Amino acid sequence: MKRLATILLVLPTLLGVRAEGPVIDREQLLKQDLSMLWTGPLPLIDREDTTALEWVERPEPLGYIGKEFRRFSIHIASVTRSATDPLRYALRGKTRTGSNICSFRGELAIDSVVRRPESGEPDAWGGIFGGWRLYGHYTLREDPGQPGAGLFEGTHWLDVAADERGNIYYDTLMIIADGYRNNQWQGNWRSDKTGAAKVCNWGDFRIPESRGLDIGAGEFMPAGEYRQNGWRSFVDCYDADETVRTAARREECCQWWMLE
């Protein structure tokens with residue numbers, strides 16, 4: 001009898017059956033303030049005790065604007081949950097294209113949460129389960145009193161994970177894997193002055209719809225032909241010359257959103 005009980009305990013593992021994990025649904029999204037998904041440090045989800053998670057600095061998004069893949073930067077300074085609609089978040093920050101910096105305010109609305117089709121059963125690591133994706137849409141308006149201002153509109157997705165208590169996290173389960181990306185924003189920017197629209201996409205670690213620009217295998221790397229379009233310092237971070245690398249890294253680490 002004891003042997004039979006042991007077999008019954010081991011059999012689910014041998015068959016690949018996983019214990020039922022948490023569920024992320026609309027009800028969970030309504031309960032939790034998710035503003036930390038877009039600002040602040042990122043959790044390294046590698047241990048069962050989520051109270052002892054290591055939190056690391058969030059990288060600034062990579063982005064481009066226009067068919068010439070001109071480098072575009074955006075820094076989200078604050079995210080505040082709406083007091084009347086818990087699935088809407090007010091965003092504030094700054095954008096940069098070349099030397100032009102603009103302040104912006106806007107809104108991100110969460111439309112749905114789904115299980116990623118390719119994820120199958122919840123992907124558990126320690127006490128954390130991944131495999132969900134938030135979908136939404138956004139409108140960000142640059143200060144019309146500043147030069148080169150315009151309006152950003154588009155769609156957004158972000159992969160999330162949850163612990164067994166239902167707490168939701170930015171999903172970093174596969175952060176060291178080749179091709180990892182998250183927090184993807186895809187849409188257009190329309191000039192206040194001319195009304196002309198340009199594609200403008202950005203994201204963490206990779207950029208959506210960046211074929212032609214991104215020639216990297218394991219991680220993002222801009223094609224050499226676009227180096228002069230704002231990507232020089234990014235490419236130079238990998239230069240063989242240590243002096244060049246040091247200067248490039250200093251430029252890449254500059255907190256440009258703090259400049260007047």
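Not measured: the values here are computed from a predicted model.
Of all heavy-atom pairs spanning Gly203 and Pro208, the tightest one is N-CD, 4.4 Å. In terms of heavy-atom proximity, Ala162 sits nearest to Pro22 at O-CG, 3.8 Å. For Val235 against Pro222, the heavy-atom pair with the smallest separation is CG2-CG, 3.6 Å.
When atom types are taken as modelled, the side chain of Asn229 and the backbone of Glu68 share a donor-acceptor pair closer than 3.5 angstrom. No donor-acceptor distance shorter than 3.5 angstrom exists from the side chain of Thr97 to the backbone of Phe72, with no hydrogens or angles considered. Judged purely by atom type and a 3.5 angstrom limit, Arg70 has no side-chain atom pairing as donor or acceptor with the backbone of Ile65.
By the 4.5 Å heavy-atom criterion applied to side chains, Leu158 and Asp171 are not counted as neighbours. Cys102 is not listed as a side-chain neighbour of Asp143, based on a closest heavy-atom distance of 4.5 Å or more. A 4.5 Å side-chain heavy-atom check between Arg26 and Leu30 finds at least one atom pair inside the cut-off. The shortest distance between side-chain heavy atoms of Lys94 and Ser103 falls below 4.5 Å. Side chains of Tyr64 and Ser210 form a contact here, defined as non-hydrogen atoms less than 4.5 Å apart. Residues Asp111 and Leu87 form no side-chain contact, since every pair of their non-hydrogen atoms from C-beta on lies 4.5 Å or further apart. Two residues are said to be in side-chain contact when any heavy atoms from C-beta on lie closer than 4.5 Å; Pro41 and Arg58 fail this criterion. Between Asn100 and Pro147 the shortest side-chain heavy-atom distance falls below 4.5 Å.
Contacts classified as salt bridge (Lys or Arg N to Asp or Glu O under 4.0 Å) and involving residues 238-254 (residues at least two apart or in different chains) are given here: Arg71-Glu252. Sorted by first then second residue, the ring pair (Phe, Tyr, Trp, His ring centres under 6.0 Å) pairs that include residues 75-96, not counting sequence neighbours, are Trp38-Tyr89, His75-Trp257.
Applying the side-chain hydrogen bond (donor to acceptor under 3.5 Å, both in side chains) criterion to Tyr226, with sequence neighbours excluded, gives no partner residue. Scored by the ring-ring contact (aromatic ring centres under 6.0 Å, His included) test, Tyr138 finds Trp185, Trp202 as partners (sequence neighbours excluded). Scored by the side-chain contact (heavy atoms from CB on, under 4.5 Å) test, Thr194 finds Ser191, Ala196 as partners (sequence neighbours excluded). In this view, Arg206 and Asp214 satisfy the salt bridge (Lys or Arg N to Asp or Glu O under 4.0 Å) rule, not counting sequence neighbours.
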CA sep, side-chain torsions, deciding dist, call: Phe129, Asp163, side-chain contact (heavy atoms from CB on, under 4.5 Å):
CA-CA 6 Å; Phe129 297 78; Asp163 61 26; over 6 Å; no
Just do the side chain to side chain donor-acceptor pair (under 3.5 Å) check on Trp189 and Glu153 with the steps written out, would you?
CA-CA 7 Å; Trp189 171 85; Glu153 292 182 304; over 6 Å; no
Using the side-chain contact (heavy atoms from CB on, under 4.5 Å) rule, take Leu37 and Leu134 through it: C-alpha gap first, then chi angles, then the decisive distance, then the call.
CA-CA 11 Å; Leu37 295 177; Leu134 303 182; 3.9 Å; yes
Could you give me the CA-CA distance, side-chain angles and deciding distance for Ser73 and Glu60, then say whether side chain to side chain donor-acceptor pair (under 3.5 Å) is met?
CA-CA 8 Å; Ser73 301; Glu60 289 300 307; over 6 Å; no
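Other residues, nucleotides and ligands contribute at most 12 non-hydrogen atoms within 6.0 Å of the CZ atom of Arg105.
Classification of Asp159 and Arg133 as a salt-bridged pair holds, one side-chain N sitting under 4.0 Å from a carboxylate O.
For an aromatic pair to be called close, the ring centres must be under 6.0 Å apart, and Tyr169 with Trp132 fails this. Here the two rings, on Phe205 and Tyr180, have centers that are under 6.0 Å apart. When ring centroids are compared, Phe234 and Phe220 come within the 6.0 Å threshold.
A donor-acceptor contact under 3.5 angstrom links the side chains of Asp204 and Tyr170, judged on distance only. Side-chain N/O atoms of Trp157 and Gln186 include no donor and acceptor closer than 3.5 Å.
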